[in-house]
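In the text below, chain A, chain B and the rest are named by the order of the sequence lines, each starting its count at 1.
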There are 2 protein chains.
Amino acid sequence: MTDKASVDIKREDFKFINDALVDVFDRILRIEESELRKSQFKDVTINELHLVHAITLHEHKTTTAVANELHLSKGSLTSSVNTLVRRGYVMRIRNQQDRRVINLGLTSKGRLLYRAHDAFHSQLVKSFLNGMDEDDLPLVKKAFVNLRNFLDEAARD
Amino acid sequence: MTDKASVDIKREDFKFINDALVDVFDRILRIEESELRKSQFKDVTINELHLVHAITLHEHKTTTAVANELHLSKGSLTSSVNTLVRRGYVMRIRNQQDRRVINLGLTSKGRLLYRAHDAFHSQLVKSFLNGMDEDDLPLVKKAFVNLRNFLDEAARD
DNA sequence: ATAAAATAGTTTGAAATTCAAACTAAATTA
DNA sequence: TAATTTAGTTTGAATTTCAAACTATTTTAT
(Lines give C-alpha, C1' and ligand atoms only; values in the text may rest on other atoms or scores of the structure.)
Protein backbone atom coordinates (compact mmCIF):
# COMPACT_ATOMS: atom_id res chain seq x y z
CA MET A 1 0.00 0.00 0.00
CA THR A 2 1.27 3.48 -0.89
CA ASP A 3 1.40 6.49 1.39
CA LYS A 4 -1.58 8.78 0.71
CA ALA A 5 0.11 11.89 2.09
CA SER A 6 2.68 11.98 -0.68
CA VAL A 7 2.76 12.24 -4.45
CA ASP A 8 2.54 9.10 -6.46
CA ILE A 9 6.09 9.15 -7.77
CA LYS A 10 6.87 7.30 -10.94
CA ARG A 11 9.43 4.61 -10.45
CA GLU A 12 11.86 6.27 -12.83
CA ASP A 13 11.46 9.63 -11.10
CA PHE A 14 12.14 8.03 -7.76
CA LYS A 15 15.25 6.48 -9.16
CA PHE A 16 16.33 9.75 -10.71
CA ILE A 17 16.07 11.71 -7.46
CA ASN A 18 17.53 8.94 -5.35
CA ASP A 19 20.52 8.38 -7.61
CA ALA A 20 21.05 12.13 -7.87
CA LEU A 21 21.11 12.51 -4.09
CA VAL A 22 23.52 9.64 -3.58
CA ASP A 23 25.76 10.61 -6.48
CA VAL A 24 25.85 14.30 -5.61
CA PHE A 25 26.85 13.72 -2.02
CA ASP A 26 29.55 11.34 -2.97
CA ARG A 27 31.00 13.58 -5.63
CA ILE A 28 30.94 16.77 -3.61
CA LEU A 29 33.22 15.11 -1.10
CA ARG A 30 35.49 13.76 -3.79
CA ILE A 31 35.74 17.08 -5.61
CA GLU A 32 36.42 18.95 -2.39
CA GLU A 33 39.21 16.49 -1.75
CA SER A 34 40.75 16.86 -5.19
CA GLU A 35 40.39 20.67 -5.19
CA LEU A 36 42.32 20.65 -1.93
CA ARG A 37 45.07 18.53 -3.47
CA LYS A 38 45.50 21.02 -6.30
CA SER A 39 45.30 24.10 -4.09
CA GLN A 40 47.83 25.75 -1.82
CA PHE A 41 46.29 23.71 1.02
CA LYS A 42 47.68 20.30 0.11
CA ASP A 43 48.48 19.46 3.72
CA VAL A 44 44.80 19.48 4.73
CA THR A 45 42.49 16.47 4.48
CA ILE A 46 38.79 16.70 3.79
CA ASN A 47 37.96 16.01 7.44
CA GLU A 48 40.35 18.69 8.56
CA LEU A 49 38.69 21.08 6.13
CA HIS A 50 35.34 20.36 7.73
CA LEU A 51 36.89 20.97 11.12
CA VAL A 52 38.10 24.36 9.91
CA HIS A 53 34.59 25.02 8.66
CA ALA A 54 33.08 24.02 12.01
CA ILE A 55 35.44 26.33 13.90
CA THR A 56 34.07 29.20 11.77
CA LEU A 57 35.70 32.55 11.09
CA HIS A 58 35.18 34.37 14.36
CA GLU A 59 33.01 32.48 16.85
CA HIS A 60 35.78 31.05 19.01
CA LYS A 61 33.78 28.00 20.07
CA THR A 62 35.01 25.69 22.79
CA THR A 63 36.68 22.39 21.99
CA THR A 64 33.76 20.46 23.45
CA ALA A 65 31.22 22.43 21.38
CA VAL A 66 33.08 21.66 18.17
CA ALA A 67 33.50 18.00 19.13
CA ASN A 68 29.76 17.67 19.72
CA GLU A 69 28.95 19.43 16.48
CA LEU A 70 31.13 17.02 14.51
CA HIS A 71 30.06 14.02 16.61
CA LEU A 72 33.67 13.31 17.52
CA SER A 73 35.07 12.39 20.91
CA LYS A 74 37.04 15.08 22.72
CA GLY A 75 40.14 12.94 22.35
CA SER A 76 39.79 12.73 18.58
CA LEU A 77 39.26 16.45 18.37
CA THR A 78 42.35 17.20 20.44
CA SER A 79 44.36 15.12 18.03
CA SER A 80 43.09 16.77 14.83
CA VAL A 81 43.34 20.22 16.39
CA ASN A 82 46.97 19.41 17.18
CA THR A 83 47.63 18.70 13.51
CA LEU A 84 45.92 21.90 12.36
CA VAL A 85 47.75 23.99 14.96
CA ARG A 86 51.05 22.43 13.88
CA ARG A 87 50.29 23.28 10.24
CA GLY A 88 49.27 26.84 11.09
CA TYR A 89 45.51 26.82 10.42
CA VAL A 90 44.08 26.83 13.94
CA MET A 91 44.82 28.63 17.21
CA ARG A 92 44.02 27.57 20.75
CA ILE A 93 42.90 30.50 22.89
CA ARG A 94 42.92 29.93 26.62
CA ASN A 95 39.71 31.34 28.07
CA GLN A 96 40.53 33.85 30.82
CA GLN A 97 37.09 33.74 32.46
CA ASP A 98 37.27 29.96 32.87
CA ARG A 99 40.79 28.70 32.55
CA ARG A 100 39.74 25.09 31.97
CA VAL A 101 38.31 26.12 28.62
CA ILE A 102 40.11 26.36 25.29
CA ASN A 103 38.45 28.40 22.58
CA LEU A 104 39.31 27.53 19.00
CA GLY A 105 40.04 30.12 16.36
CA LEU A 106 41.40 30.26 12.82
CA THR A 107 44.71 31.85 11.91
CA SER A 108 44.80 34.06 8.83
CA LYS A 109 45.86 31.00 6.84
CA GLY A 110 42.90 29.13 8.32
CA ARG A 111 40.54 31.93 7.35
CA LEU A 112 41.92 31.85 3.82
CA LEU A 113 41.11 28.14 3.62
CA TYR A 114 37.67 28.73 5.12
CA ARG A 115 36.88 31.33 2.47
CA ALA A 116 38.14 29.16 -0.38
CA HIS A 117 35.87 26.36 0.79
CA ASP A 118 32.98 28.78 1.13
CA ALA A 119 33.53 29.96 -2.43
CA PHE A 120 33.25 26.40 -3.70
CA HIS A 121 29.96 26.00 -1.87
CA SER A 122 28.69 29.27 -3.32
CA GLN A 123 29.35 27.99 -6.81
CA LEU A 124 27.62 24.75 -5.93
CA VAL A 125 24.46 26.46 -4.79
CA LYS A 126 24.58 28.89 -7.69
CA SER A 127 24.73 25.99 -10.12
CA PHE A 128 21.91 24.27 -8.30
CA LEU A 129 19.66 27.28 -8.88
CA ASN A 130 20.96 28.04 -12.34
CA GLY A 131 18.25 29.11 -14.77
CA MET A 132 15.55 29.36 -12.13
CA ASP A 133 13.75 32.52 -11.36
CA GLU A 134 12.45 33.97 -8.11
CA ASP A 135 9.15 32.15 -8.39
CA ASP A 136 10.80 28.76 -8.51
CA LEU A 137 12.73 29.15 -5.31
CA PRO A 138 9.89 28.43 -2.88
CA LEU A 139 9.42 24.99 -4.38
CA VAL A 140 13.08 24.06 -4.04
CA LYS A 141 13.11 25.37 -0.50
CA LYS A 142 9.98 23.36 0.24
CA ALA A 143 11.69 20.18 -0.92
CA PHE A 144 14.49 20.75 1.55
CA VAL A 145 12.16 21.66 4.38
CA ASN A 146 10.32 18.39 3.69
CA LEU A 147 13.52 16.43 3.70
CA ARG A 148 14.72 17.99 6.94
CA ASN A 149 11.38 17.36 8.60
CA PHE A 150 11.60 13.75 7.56
CA LEU A 151 15.13 13.54 8.96
CA ASP A 152 13.94 15.10 12.24
CA GLU A 153 11.28 12.40 12.42
CA ALA A 154 13.70 9.66 11.54
CA ALA A 155 16.23 10.83 14.09
CA ARG A 156 13.55 10.92 16.80
CA ASP A 157 12.55 7.27 16.79
CA MET B 1 30.82 41.16 -10.03
CA THR B 2 28.04 38.58 -10.12
CA ASP B 3 27.60 35.77 -12.61
CA LYS B 4 25.11 36.79 -15.29
CA ALA B 5 24.24 33.24 -16.27
CA SER B 6 22.57 32.50 -12.95
CA VAL B 7 19.80 33.89 -10.79
CA ASP B 8 20.63 36.67 -8.45
CA ILE B 9 20.21 34.69 -5.26
CA LYS B 10 19.46 36.55 -2.08
CA ARG B 11 22.12 36.03 0.55
CA GLU B 12 19.63 34.40 2.91
CA ASP B 13 18.41 32.04 0.20
CA PHE B 14 21.94 31.03 -0.60
CA LYS B 15 22.55 30.32 3.05
CA PHE B 16 19.32 28.37 3.29
CA ILE B 17 20.16 26.05 0.40
CA ASN B 18 23.79 25.68 1.37
CA ASP B 19 23.05 24.87 5.00
CA ALA B 20 20.31 22.48 3.91
CA LEU B 21 22.66 20.60 1.60
CA VAL B 22 25.38 20.31 4.23
CA ASP B 23 23.01 19.43 7.03
CA VAL B 24 21.02 16.90 5.02
CA PHE B 25 24.08 14.99 3.88
CA ASP B 26 25.48 14.84 7.34
CA ARG B 27 22.25 13.69 8.91
CA ILE B 28 21.41 11.05 6.33
CA LEU B 29 24.65 9.30 7.20
CA ARG B 30 24.05 9.62 10.90
CA ILE B 31 20.50 8.34 10.68
CA GLU B 32 21.51 5.43 8.48
CA GLU B 33 24.08 4.58 11.12
CA SER B 34 21.63 4.74 14.00
CA GLU B 35 18.92 2.83 12.09
CA LEU B 36 21.48 0.09 11.56
CA ARG B 37 22.27 0.02 15.28
CA LYS B 38 18.62 -0.52 16.13
CA SER B 39 17.97 -3.04 13.37
CA GLN B 40 18.73 -6.73 13.09
CA PHE B 41 21.94 -5.70 11.27
CA LYS B 42 23.90 -4.38 14.23
CA ASP B 43 27.12 -6.00 13.08
CA VAL B 44 27.29 -3.84 9.93
CA THR B 45 28.91 -0.40 9.78
CA ILE B 46 27.74 2.37 7.52
CA ASN B 47 30.66 1.81 5.15
CA GLU B 48 29.90 -1.88 4.99
CA LEU B 49 26.28 -1.02 4.20
CA HIS B 50 27.44 1.08 1.29
CA LEU B 51 29.59 -1.78 0.13
CA VAL B 52 26.56 -4.07 0.20
CA HIS B 53 24.71 -1.43 -1.79
CA ALA B 54 27.56 -1.21 -4.33
CA ILE B 55 27.59 -4.97 -4.80
CA THR B 56 23.89 -4.73 -5.77
CA LEU B 57 21.31 -7.49 -5.70
CA HIS B 58 22.26 -9.52 -8.73
CA GLU B 59 25.02 -7.99 -10.86
CA HIS B 60 27.94 -10.06 -9.56
CA LYS B 61 30.52 -7.34 -10.22
CA THR B 62 34.21 -8.07 -9.94
CA THR B 63 36.20 -7.06 -6.88
CA THR B 64 38.16 -4.50 -8.88
CA ALA B 65 34.98 -2.94 -10.32
CA VAL B 66 33.51 -2.47 -6.85
CA ALA B 67 36.80 -1.10 -5.50
CA ASN B 68 36.93 1.49 -8.29
CA GLU B 69 33.31 2.44 -7.74
CA LEU B 70 33.92 3.08 -4.07
CA HIS B 71 37.34 4.64 -4.71
CA LEU B 72 38.98 2.12 -2.41
CA SER B 73 42.20 0.20 -3.00
CA LYS B 74 41.88 -3.47 -3.84
CA GLY B 75 43.54 -4.30 -0.54
CA SER B 76 40.99 -2.33 1.45
CA LEU B 77 38.18 -3.98 -0.42
CA THR B 78 39.53 -7.46 0.21
CA SER B 79 39.57 -6.69 3.88
CA SER B 80 36.00 -5.37 4.12
CA VAL B 81 34.72 -8.17 1.90
CA ASN B 82 36.37 -10.61 4.32
CA THR B 83 34.37 -9.12 7.18
CA LEU B 84 31.09 -9.23 5.27
CA VAL B 85 31.72 -12.80 4.15
CA ARG B 86 32.50 -13.81 7.73
CA ARG B 87 29.25 -12.19 8.92
CA GLY B 88 27.20 -13.84 6.18
CA TYR B 89 26.22 -10.90 3.97
CA VAL B 90 28.48 -11.39 0.96
CA MET B 91 29.64 -14.32 -1.20
CA ARG B 92 32.74 -14.65 -3.33
CA ILE B 93 32.04 -16.41 -6.61
CA ARG B 94 35.05 -17.69 -8.51
CA ASN B 95 34.65 -16.81 -12.17
CA GLN B 96 34.95 -19.95 -14.30
CA GLN B 97 35.69 -18.11 -17.54
CA ASP B 98 38.66 -16.30 -16.01
CA ARG B 99 39.83 -17.96 -12.86
CA ARG B 100 41.78 -14.92 -11.66
CA VAL B 101 38.49 -13.09 -11.18
CA ILE B 102 36.24 -13.11 -8.12
CA ASN B 103 32.67 -11.95 -8.60
CA LEU B 104 30.88 -10.56 -5.58
CA GLY B 105 27.32 -11.41 -4.66
CA LEU B 106 24.93 -10.96 -1.75
CA THR B 107 23.65 -13.81 0.37
CA SER B 108 19.96 -13.81 1.24
CA LYS B 109 20.87 -12.00 4.46
CA GLY B 110 22.80 -9.48 2.37
CA ARG B 111 19.82 -8.99 0.09
CA LEU B 112 17.60 -8.41 3.11
CA LEU B 113 19.94 -5.66 4.27
CA TYR B 114 20.07 -4.20 0.76
CA ARG B 115 16.30 -3.98 0.62
CA ALA B 116 16.01 -2.44 4.08
CA HIS B 117 18.45 0.25 3.05
CA ASP B 118 16.57 0.79 -0.17
CA ALA B 119 13.35 1.24 1.76
CA PHE B 120 14.93 3.98 3.83
CA HIS B 121 16.00 5.77 0.66
CA SER B 122 12.49 5.44 -0.75
CA GLN B 123 11.08 7.17 2.28
CA LEU B 124 13.72 9.85 1.95
CA VAL B 125 12.82 10.63 -1.63
CA LYS B 126 9.14 10.41 -0.89
CA SER B 127 9.51 12.98 1.86
CA PHE B 128 11.57 15.18 -0.42
CA LEU B 129 8.72 15.31 -2.92
CA ASN B 130 5.98 15.45 -0.33
CA GLY B 131 3.12 17.79 -1.26
CA MET B 132 4.38 18.41 -4.76
CA ASP B 133 2.40 17.57 -7.83
CA GLU B 134 3.44 16.27 -11.23
CA ASP B 135 4.05 19.77 -12.59
CA ASP B 136 6.63 20.56 -9.91
CA LEU B 137 8.84 17.61 -10.61
CA PRO B 138 10.63 18.99 -13.69
CA LEU B 139 11.95 21.93 -11.69
CA VAL B 140 13.37 19.73 -8.96
CA LYS B 141 14.91 17.46 -11.54
CA LYS B 142 16.37 20.46 -13.29
CA ALA B 143 18.07 21.57 -10.07
CA PHE B 144 19.78 18.21 -9.80
CA VAL B 145 20.75 18.15 -13.45
CA ASN B 146 22.33 21.58 -12.93
CA LEU B 147 24.17 20.42 -9.89
CA ARG B 148 25.49 17.32 -11.59
CA ASN B 149 26.61 19.31 -14.60
CA PHE B 150 28.46 21.62 -12.29
CA LEU B 151 30.09 18.67 -10.56
CA ASP B 152 31.09 17.22 -13.94
CA GLU B 153 32.76 20.54 -14.76
CA ALA B 154 34.42 20.76 -11.38
CA ALA B 155 35.73 17.22 -11.60
CA ARG B 156 37.15 17.88 -15.06
CA ASP B 157 39.59 20.65 -14.17
C1' DA C 1 54.64 -24.18 -27.81
C1' DT C 2 56.59 -21.67 -24.33
C1' DA C 3 58.64 -17.79 -22.11
C1' DA C 4 57.59 -13.08 -20.72
C1' DA C 5 54.38 -9.74 -19.52
C1' DA C 6 50.09 -8.37 -17.75
C1' DT C 7 46.10 -8.82 -14.75
C1' DA C 8 42.98 -10.06 -10.52
C1' DG C 9 42.98 -10.54 -6.08
C1' DT C 10 45.35 -11.32 -1.39
C1' DT C 11 48.79 -10.49 2.08
C1' DT C 12 51.78 -7.60 4.64
C1' DG C 13 53.36 -3.76 7.30
C1' DA C 14 52.83 0.95 8.26
C1' DA C 15 50.23 5.27 8.92
C1' DA C 16 46.06 7.64 10.21
C1' DT C 17 41.71 7.98 12.65
C1' DT C 18 38.92 6.99 16.18
C1' DC C 19 37.29 5.81 20.87
C1' DA C 20 36.86 5.03 25.93
C1' DA C 21 39.08 5.47 30.09
C1' DA C 22 42.51 7.45 32.96
C1' DC C 23 44.45 11.66 33.99
C1' DT C 24 45.44 16.92 35.06
C1' DA C 25 44.01 21.42 36.09
C1' DA C 26 40.53 24.51 37.24
C1' DA C 27 35.90 25.79 38.91
C1' DT C 28 31.84 24.90 41.58
C1' DT C 29 29.27 23.02 45.45
C1' DA C 30 28.53 21.30 49.94
C1' DT D 1 38.09 23.94 52.60
C1' DA D 2 37.19 19.40 51.07
C1' DA D 3 34.59 16.89 47.62
C1' DT D 4 32.63 16.95 43.23
C1' DT D 5 32.21 18.34 38.65
C1' DT D 6 33.89 19.99 34.32
C1' DA D 7 37.20 20.95 30.17
C1' DG D 8 40.61 19.26 27.80
C1' DT D 9 44.73 16.00 27.11
C1' DT D 10 47.02 11.64 27.18
C1' DT D 11 47.17 6.77 26.60
C1' DG D 12 46.51 2.32 24.54
C1' DA D 13 43.76 -0.40 21.61
C1' DA D 14 40.84 -1.24 17.56
C1' DT D 15 39.72 -0.15 12.85
C1' DT D 16 40.46 1.54 8.34
C1' DT D 17 43.20 2.57 4.81
C1' DC D 18 47.07 2.37 1.53
C1' DA D 19 51.09 0.96 -1.35
C1' DA D 20 54.02 -2.64 -2.39
C1' DA D 21 55.12 -7.38 -2.56
C1' DC D 22 53.19 -11.65 -3.64
C1' DT D 23 50.37 -15.74 -5.88
C1' DA D 24 47.67 -17.61 -9.40
C1' DT D 25 46.00 -17.20 -13.82
C1' DT D 26 45.61 -15.42 -18.51
C1' DT D 27 47.37 -13.02 -22.54
C1' DT D 28 51.01 -11.71 -25.68
C1' DA D 29 55.22 -12.23 -28.14
C1' DT D 30 58.65 -14.98 -29.92
N/O to N/O distances under 3.5 Å, protein versus nucleotides 27-29 of chain C:
from: C:dA27; atom 1: OP1; to: A:Arg99; atom 2: N; distance (Å): 3.1

Hey, what are the protein-to-nucleotides 13-15 of chain C N/O distances that come in under 3.5 Å?
none

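Across all non-hydrogen atoms, the minimal contact from B:Ile55 to B:Leu104 is CG2-O, 3.8 Å. Scanning both residues, B:Thr64 and B:Lys74, for their nearest heavy atoms gives OG1-CD, 3.8 Å. Looking at every heavy atom in both residues, A:Ser127 comes nearest to B:Asn146 through O-CB, 2.8 Å. Listed here is the closest heavy atom pair of A:Leu77 and A:Ala67: CD2-N, 3.7 Å. The two residues A:Val66 and A:Ala54 make their nearest non-hydrogen contact at CG1-CB, 4.3 Å. The shortest non-hydrogen separation linking A:Arg111 to A:Leu57 is CG-CD2, 3.7 Å.
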*asked:* Using ring-ring contact (aromatic ring centres under 6.0 Å, His included), reason through A:Phe150 and B:Phe128 one step at a time and then give a plain yes or no.
replied: CA-CA 8 Å; A:Phe150 169 74; B:Phe128 191 69; over 10 Å; no
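For residues 72-79 of chain B, proximity to DNA chain D is found at B:Leu72, B:Ser73, B:Ser76, B:Ser79, defined as any non-hydrogen atom under 4.0 angstrom from a strand atom. Of the residues in residues 37-57 of chain A, none lies under 4.0 Å from DNA chain D by heavy-atom distance.
A cation-pi contact links B:Lys141 to A:Phe16, judged by a cut-off of 6.0 Å to the six-membered ring centre and 45° from its axis.
Here the C1' atom of nucleotide C:dT17 and the CG atom of A:Leu84 are 13 Å apart, to the nearest Å. Note: CG (B:Leu70) to C1' (D:dT17) measures 13 Å, nearest angstrom. Note: CD1 (A:Ile102) to P (C:dA25) measures 13 Å, nearest angstrom. For the pair A:Arg92 CZ and D:dA7 P, the computed distance is 16 Å after rounding to whole Å. Distance B:Glu33 CD to C:dC19 P: 11 Å, rounded to the nearest Å. In this structure, A:Asn68 places its CG atom 12 Å from C1' of D:dA7, rounding to the nearest Å.
Residues B:Ser79 and B:Ser76 have side chains that never bring a donor and an acceptor to within less than 3.5 angstrom of each other. Judged by distance alone, the side chains of B:Arg87 and B:Asn82 never bring a donor and an acceptor atom under 3.5 Å apart. A:His71 and B:Glu33 share no side-chain donor-acceptor pair at under 3.5 Å. There is no side-chain donor-acceptor pair under 3.5 Å between B:His53 and B:Glu48. Side-chain contact of A:Asn103 with A:Asn95: a donor-acceptor pair under 3.5 Å is present, judged by distance alone.
The ring-ring contact (aromatic ring centres under 6.0 Å, His included) test applied to A:His50 returns A:His117, not counting sequence neighbours.
Using a 4.5 Å cut-off between side-chain heavy atoms of Ile, Leu, Val, Met, Phe, Trp and Tyr, with links allowed through other members, A:Val24 and A:Phe14 fall into the same hydrophobic cluster.
In this model, the phosphate group of C:dG9 is approached by a side-chain N or O of B:Thr64 to a distance below 4.0 Å at OP1 or OP2.
Rounded to 10 degrees, the angle separating the terminal axes of the helix from C:dA1-D:dT30 to C:dA30-D:dT1 is 10°, with each axis obtained from five end pairs.
Among the atoms of the strands shown, none is found under 4.0 Å from any heavy atom of B:Arg94.
Of the charged side-chain nitrogens involved, none lies within less than 4.0 Å of a carboxylate oxygen, so that A:Arg148 and A:Asp152 do not count as a salt-bridged pair.
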